[in-house]
Amino acid sequence: MKISVIGTGYVGLVAAAVFADFGNDVLCADIDAGKIESIRAGKLPIFEPGLQPLVEHNVAAGRLRFTTSNAEAARHGDIIFMAVGTPTLGSDGAADLSFLFQAAAEVGRHLERPAIIVDKSTVPVGTAERITRILSEQTKQPFVVVSNPEFLKEGAAVDDFMHPDRIIIGTSDDAARQTLHRLYQPFCRTNDRMIFMDARSAELTKYACNAYLATRISFMNDMANLADSVGADIEMVRRGMGSDPRIGPKFLFPGVGYGGSCFPKDIRAILTTAREYGHTLEIVASAERINEAQKLVLVRKLRKHFDNDIAGKTFGVWGLAFKPNTDDIREAPALKIIRTLVADGAKIKMHDPEAGPNFLAALGDSVAPSCTLVDDPYEAAEGAHALLLVTEWREYRSPDFERLRRTMARPSLFDGRNQWDRALLEGLGFFYSGIGR
C-alpha cells in the first residue's frame, strides 16, 4: 500500500519505519527541514532501540523516503497517518491541536484522489469530527477520517508496533474498516487483535488507558509512602498484590513518579475534557497531585538524612531520562529533583547513557552551572555525599559497590527505583534508603 506519515516523532518515525518494513511504500513528512536533513544523513532525532537499523534498512530498500512537504505526502498516500504532536496548551491542560489542524488543512488542499486520513496522534474526544470539517473546507475529493490511537511504550516502541496487544480503529465507514484491516492484518497473523469502534470511543480509549495506568503508579507510590511510615516493605506488598489475578503484577512498581510525553500531558487533557462536560474525575486528579509530590520523595529523604543541611554538599545522580532506553527528558522526575537540590545549595554530578545532552539543555541557565554531566557513572559518584538512582537503566542494576564505597565521600545510597538489595548494601557499610522500604 502507499502510505504517508506526517510527523517524525516517536509515533510517526516508528510507524513509518515499521510499515515500510512490512513491504509498504512509505513517505514520511515533517516540515522541520533540519529534522529531515538529519534523518537523511543517518542521524535520527530520537533514540529508540532498534529504530536506527530499521530506518536504514528500509531507506536502502527504497520503501521509505522522507520529505519536508506535507503536500507531497498528501499526493503520495492512499492512507495518510497524522502523527503530529499535541502538546499541552497553557496552564489549563488542554491539548494544543494547532499543529495537527494546520497539517490537516495542508493535506486537504493537496489531495488528488480518495484517501483515508488516520489520526494517530493522541487527541481529545471529537477531534476526528473537527478534522473532517477542516478537510471538507479544503477538498472535493472523497475521504474518511479514522481514529487509530497509538499504544507504544518509549524504549520498546518498535517491538510494540510490530507485536501489538491491540489495535484500536475508530470508524463507521465499512470501506475504511476493510482497508485498515488489510493493512494491519500482517501484524495479527496468530490472533486478530483489531478492535473496531466509533471514532469518539477510540479517542477516549487512549486517554482512559493512560489515566488508569498513571493512577496505578500513583496508587503504589501512595502505598509506598505509607509503608515508610508504618515500617512495612512495599516490595513485599507489591508481590502480594500482584499475585491476585484481579490486579496483576504490572504497573505496581513504586518510584519517583512518572514523566514523559504521554502520561502527564494526557492526564491534563482528559481532566480538561471532563471539566468541559461538567465532570471532575476525582481519582485521576488525585493521581496527578500524588505524582507531582512523588517527584520530590528522594529530596525529602535526603533532607531528613542530612538534617536539612544540604548546602555545599555534592550528590551523584544516576539516570536523567524519564525512563530507561530513551533520551526523552520531558517531565522527567530528575528535572524536578535536581532543580530543587540546586536551590538548596547542592552541587550535582550526573550521568545517563543517552539523555545527558538533552537534560543539560533543559536545566536552564540558573541551574546548569551547579551541575556537571559526566561520561562514566562512577565519576558521578566520586566524592559524592550521596548517590541517587533516579532512572533504572540496566547498567545501574549491578554496579561495583565496593568501588562506590571507596570513592564516595559518604556511602549513602538513595534508590528511587528499588533496584538494589538493602541487606547486601547495609552489610557493605552503606546507608540505604528505597521507596517504601
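These values consider heavy atoms only, across backbone and side chains, with no hydrogens, waters or symmetry-generated copies.
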With distance as the sole criterion, is a donor-acceptor pair present between the side chains of [X] and [Y] under 3.5 Å?
X    : Y    : answer
S147 : E203 : no
Q294 : S218 : no
S286 : R289 : yes
N148 : Y184 : yes
T171 : D173 : no
R275 : T272 : yes
N308 : R303 : no
E154 : N325 : no

**Q.** Within the 6.0 Å centroid threshold, strictly below: F81 and F19
**A.** yes

Q.
Counting the benzene-type ring for Trp, do F414 and F315 have ring centres under 6.0 Å apart?
A. no

Within the distance-only criterion (no hydrogens, no angle test), does the side chain of [X] pair as donor or acceptor with the backbone N or O of [Y] below 3.5 angstrom?
X    : Y    : result
S121 : V123 : no
S4   : I80  : no
E288 : R268 : no
E235 : D233 : no
R75  : H110 : no
R422 : S433 : no
R63  : A20  : yes

Rounded distance (nearest 0.5 Å) linking atom [atom1] of [X] with atom [atom2] of [Y]:
X    : Y    : atom1 : atom2 : result
E282 : T280 : CD    : OG1   : 4.0 Å
L13  : I39  : CG    : CD1   : 5.0 Å
F22  : M1   : CZ    : CE    : 13.5 Å
D119 : E150 : CG    : CD    : 11.0 Å
M350 : C371 : CE    : SG    : 5.0 Å

Q: Scan T8, T67, T68 and name whichever one has a side chain to side chain donor-acceptor pair (under 3.5 Å) with D30.
A: T8

Q: Could you check D25, N24, D78 and say which one makes a side chain to side chain donor-acceptor pair (under 3.5 Å) with K2?
A: D25

Q: Please determine if R166 forms a cation-pi arrangement with F151, meaning its NZ or CZ atom is less than 6.0 Å from the six-membered ring centre and no more than 45° off the ring axis.
A: yes

Q.
Applying the ring pair (Phe, Tyr, Trp, His ring centres under 6.0 Å) criterion to F263, which one of Y207, Y258, Y212 satisfies it?
A. Y258

Q) Where do M223 and I234 land on the side chain to side chain contact (heavy atoms under 4.5 Å, CB included) test, with the steps shown first? A) CA-CA 7 Å; M223 289 298 105; I234 196 62; 3.8 Å; yes

[X], [atom1]: over 12 other non-hydrogen atoms inside 6.0 angstrom:
X    : atom1 : value
F187 : CZ    : yes
L152 : CG    : yes
I195 : CD1   : yes
R239 : CZ    : no

Answer yes when [X] and [Y] have at least one side-chain N-carboxylate O distance shorter than 4.0 Å, and no when they do not.
X    : Y    : result
R246 : D244 : yes
E37  : R40  : no
K153 : D159 : no
K323 : E392 : no

If every non-hydrogen atom of [X] is compared with every non-hydrogen atom of [Y], which pair is closest and at what distance?
X    : Y    : value
A380 : W318 : CB-NE1, 4.0 Å
R339 : L363 : NE-O, 3.6 Å
D328 : Y10  : CB-OH, 3.5 Å
A73  : A29  : CB-CB, 3.9 Å
L64  : C28  : CD1-CB, 4.5 Å

Q: Start with the C-alpha distance between Y432 and R437, add both sets of side-chain angles, then the distance that settles side chain to side chain contact (heavy atoms under 4.5 Å, CB included), and finish with yes or no.
A: CA-CA 10 Å; Y432 173 87; R437 54 200 302 252; 2.9 Å; yes

Q) Looking at D415, V390, L389, L387, which one forms a side-chain contact (heavy atoms from CB on, under 4.5 Å) with Y396? A) L389

Q: Could you please spell out the steps behind the salt bridge (Lys or Arg N to Asp or Glu O under 4.0 Å) verdict for K336 and E331?
A: CA-CA 8 Å; K336 196 167 187 176; E331 306 267 359; over 6 Å; no

Q: Please step through side chain to side chain contact (heavy atoms under 4.5 Å, CB included) for the pair L180 and V118, ending with a clear verdict.
A: CA-CA 10 Å; L180 288 171; V118 182; 4.2 Å; yes

Q: Starting from the C-alpha separation in whole Å, work towards a yes-or-no answer on side chain to side chain contact (heavy atoms under 4.5 Å, CB included) for E106 and Q102.
A: CA-CA 6 Å; E106 190 169 5; Q102 290 170 13; over 6 Å; no

